[in-house]
Asker: 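Take a look at the following structure, please.
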Amino acid sequence: MDLFSDEYEISDVDLVSVTLSDSLVKSVGRKRRSVLKPRNPVKKRAKNAQAENPIEKLRSHERFWLPDGNVIIELDDIHFRVHRSWLAQHSKRIAASLPSKGKDGGQFEQITLDFRGKLKAKDFETLLLLYDNPGNFRCAIEPLTLMSLIRAATSLDFDSDRVWLVKELEALWPSSLEEVTASLESRLDAPKVFALARMCNIDGLLKPAFYEMARMPGLGLDKLEESEQIGYADVLRLVRIREYLSDMWVQAAVREDPAFVCPNLHGAPSSNGEGTPTPSKQVDEEPVLGSITSASVANTCLLVTSRREAWARLVHDSGIFTQYRYDPLRGLTVLINMEWTNDWCKDCKEKRKLDWHTMQRIIWEKIDEYLREY
């Protein structure tokens, strides 16, 4: 065919290909372009619109733009091109939403899926890295990486992956009282875990993360990104539980219970409100300080004034009371494990430890009630 016959229409794309092919034709092509007009302007505009397809202009992912991929996923202005069969294999929902291949199953067909607002590019990239090189994830996975994978698996309905990923994260966030109080370390990622649990409906993570947030300065809300913000109702819950935790800690640790009476004293049930026996019996019931130097020797507690001084020294002067102001579960664990002085007898020390264990269980169960409010 003659390149410049009346039957041939020159387009901009055609000119580019001609320009790259021959320097002689290039010169002629430029001259001819100046005098030739397209026979069908509408057709030319359609070609230009096709050439300016926004999919072609958006940035493709550097690693996960597979040459033989046939599904394009747009996330945060980044395009990923992956295999349709991979998506369909791991997600029944996506498999059902993909168009049928038709009679010609081998024909290459490019499909664009839009997950904007539900799935982030960094989370999808993390999931692709897991499948691309699973050996890198055989050891312990970092909590932030686990959360990223869970968000991606949840958004794409990769159910089998989601199950084991959630179990991995729950292992890092135990929900039993014994395991929560076993560690005294702060969990700074609690706000992110709580937001993830709400977003992906993981009930097992709510309680431990909720408690950790309640004890953090500012409830840990400054640790959240814009996409991780929690609801107003949860903020109200956090404020209320924080007040409750503080009240319970004050009740337990500000001072010795004023109603306390050493059970080893004769007539112990009778009390004058100061934690000592009634004056009529006090002379016979309290140890004589000149002859008995410790409660362990006398098998009874020492005077209330002596106990108050010991309490102030052990609980307040040590900084324990301030440190655990909003963390009574761990604060009570510290009190339980503390080496109490002989101002208290052995029986009273053991009874107080049992009372503190009971208080821990009450607090832990109360958190469930706050989570169910509103």
Side-chain angles (χ1 to χ4, degrees), residues 143 172-195 205-224 230 234-260 275 301 304-344 348-371:
L172 300 177
W173 283 85
S175 58
S176 69
L177 175 61
E178 292 73 17
E179 291 176 294
V180 169
T181 55
S183 173
L184 300 179
E185 297 180 1
S186 300
R187 304 294 300 269
L188 298 180
D189 55 344
K192 292 183 177 295
V193 172
F194 186 83
L205 293 173
L206 286 174
K207 189 174 181 178
F210 184 72
Y211 179 82
E212 289 297 327
M213 286 187 71
R215 60 184 285 268
M216 295 176 68
L219 303 175
L221 298 178
D222 59 327
K223 305 292 183 183
L224 294 171
I230 64 175
D234 279 326
V235 175
L236 290 180
R237 292 185 183 100
L238 285 167
V239 171
R240 292 197 61 195
I241 191 64
R242 184 176 173 88
E243 293 174 353
Y244 170 77
L245 295 177
S246 178
D247 290 343
M248 293 299 287
W249 177 239
V250 169
Q251 178 182 330
V254 69
R255 60 178 176 175
E256 182 183 66
D257 185 357
F260 166 80
C301 295
V304 64
T305 53
S306 176
R307 299 199 307 269
R308 284 176 178 173
E309 291 176 359
W311 189 283
R313 183 175 65 256
L314 294 170
V315 179
H316 291 273
D317 296 347
S318 64
I320 289 175
F321 182 79
T322 302
Q323 180 178 354
Y324 296 100
R325 181 180 177 185
Y326 300 107
D327 188 7
L329 291 181
R330 293 184 179 88
L332 289 170
T333 297
V334 171
L335 296 183
I336 292 170
N337 296 330
M338 180 184 294
E339 291 292 333
W340 290 91
T341 61
N342 289 329
D343 296 271
W344 293 269
C348 287
K349 292 177 185 178
E350 294 302 319
K351 182 182 183 302
R352 182 179 289 117
K353 290 181 180 181
L354 292 176
D355 292 341
W356 284 335
H357 278 298
T358 300
M359 180 175 283
Q360 284 180 319
R361 289 193 294 271
I362 292 173
I363 293 172
W364 194 235
E365 292 171 1
K366 189 70 174 180
I367 293 176
D368 290 319
E369 297 181 19
Y370 280 98
L371 282 171

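Scope of the values below: all heavy atoms of this structure, side chains included, with no hydrogens, waters or symmetry mates. On a predicted model such as this, the values are computed, not experimentally measured, just so you know.
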Asker: Which atom pair, heavy atoms only, marks the closest approach of His316 to Val254?
Answerer: NE2-O, 2.8 Å
Asker: In terms of side-chain geometry, is the basic nitrogen of Arg352 or Asp355 positioned less than 4.0 Å from the acidic oxygen of its partner?
Answerer: no
Asker: Return the minimal non-hydrogen interatomic distance between Asn342 and Lys349, and the atom names on each side.
Answerer: OD1-NZ, 3.4 Å
Asker: Distance check, rounded to the nearest 0.5 Å: Asn337 atom CG versus Leu332 atom CG?
Answerer: 11.0 Å
Asker: Closest approach of Arg187 and Met216, non-hydrogen atoms and distance?
Answerer: O-SD, 4.1 Å
Asker: So, for Phe194 and Leu371, which heavy atoms are closest and what is the spacing to 0.1 Å?
Answerer: CE1-CD2, 4.4 Å
Asker: What's the separation between atom CG in Leu188 and atom NZ in Lys223, rounded to the nearest 0.5 Å?
Answerer: 5.5 Å
Asker: From Glu178 CD over to Thr333 OG1, what is the distance, rounded to the nearest 0.5 angstrom?
Answerer: 10.0 Å
Asker: For the side chain to side chain contact (heavy atoms under 4.5 Å, CB included) test, which of Leu206, Asp189, Val180 pairs with Trp173?
Answerer: Asp189
Asker: Grab the two heavy atoms, one from Asp222 and one from Pro217, that are nearest each other, plus how far apart they are.
Answerer: OD1-O, 4.5 Å
Asker: About how many Å separate OG1 of Thr341 and CZ of Arg313, when rounded to the nearest 0.5 Å?
Answerer: 6.0 Å
Asker: Quick check against the 3.5 Å criterion: does Trp364 have a side-chain atom that pairs as donor or acceptor with the backbone of Ser175?
Answerer: yes
Asker: Do the non-hydrogen side-chain atoms of Ile363 and Lys366 ever get within less than 4.5 Å of each other?
Answerer: no
Asker: Sequence neighbours excluded and cut-off under 3.5 Å, please list the side-chain donor-acceptor pairs for residues 243-252, or say none.
Answerer:
| unit_1 | atom_1 | unit_2 | atom_2 | d |
| --- | --- | --- | --- | --- |
| Trp249 | NE1 | Phe321 | O | 2.9 |
| Trp249 | NE1 | Tyr324 | O | 3.4 |

Asker: What heavy-atom pair brings Thr181 and Gln360 nearest, and what distance separates the two atoms?
Answerer: CG2-NE2, 3.9 Å
Asker: One pair to check against side chain to side chain contact (heavy atoms under 4.5 Å, CB included): Lys351 and Leu354. What are the steps and the verdict?
Answerer: CA-CA 5 Å; Lys351 182 182 183 302; Leu354 292 176; 5.6 Å; no
Asker: Using a 6.0 Å distance limit plus a 45 degree cone around the ring axis, check whether Arg237 lies over the aromatic ring of Tyr370.
Answerer: no
Asker: More than 12 heavy atoms of other residues, nucleotides or ligands under 6.0 Å from CZ of Arg242: is that the case?
Answerer: yes
Asker: Side chain to side chain contact (heavy atoms under 4.5 Å, CB included), that's the test. Do Met213 and Leu221 meet it? Break it down for me.
Answerer: CA-CA 8 Å; Met213 286 187 71; Leu221 298 178; 4.0 Å; yes
Asker: With sequence neighbours left out, what residues match Trp340 under ring-ring contact (aromatic ring centres under 6.0 Å, His included)?
Answerer: Trp311, Trp344, Trp356
Asker: So, Glu256 and Arg307, do they make that salt bridge, N to O below 4.0 Å?
Answerer: yes
Asker: Within the 4.5 Å heavy-atom criterion, are Leu184 and Val334 side-chain neighbours or not?
Answerer: yes
Asker: As an exercise, state the distance from CD1 of Ile241 to CG of Leu236, rounded to the nearest 0.5 Å.
Answerer: 13.0 Å
Asker: Measuring from Leu335:CG to Ile320:CD1, what's the distance to the nearest 0.5 Å?
Answerer: 6.5 Å
Asker: Are Glu212 and Lys192 ion-paired here, with the side-chain N under 4.0 Å from a carboxylate O?
Answerer: no
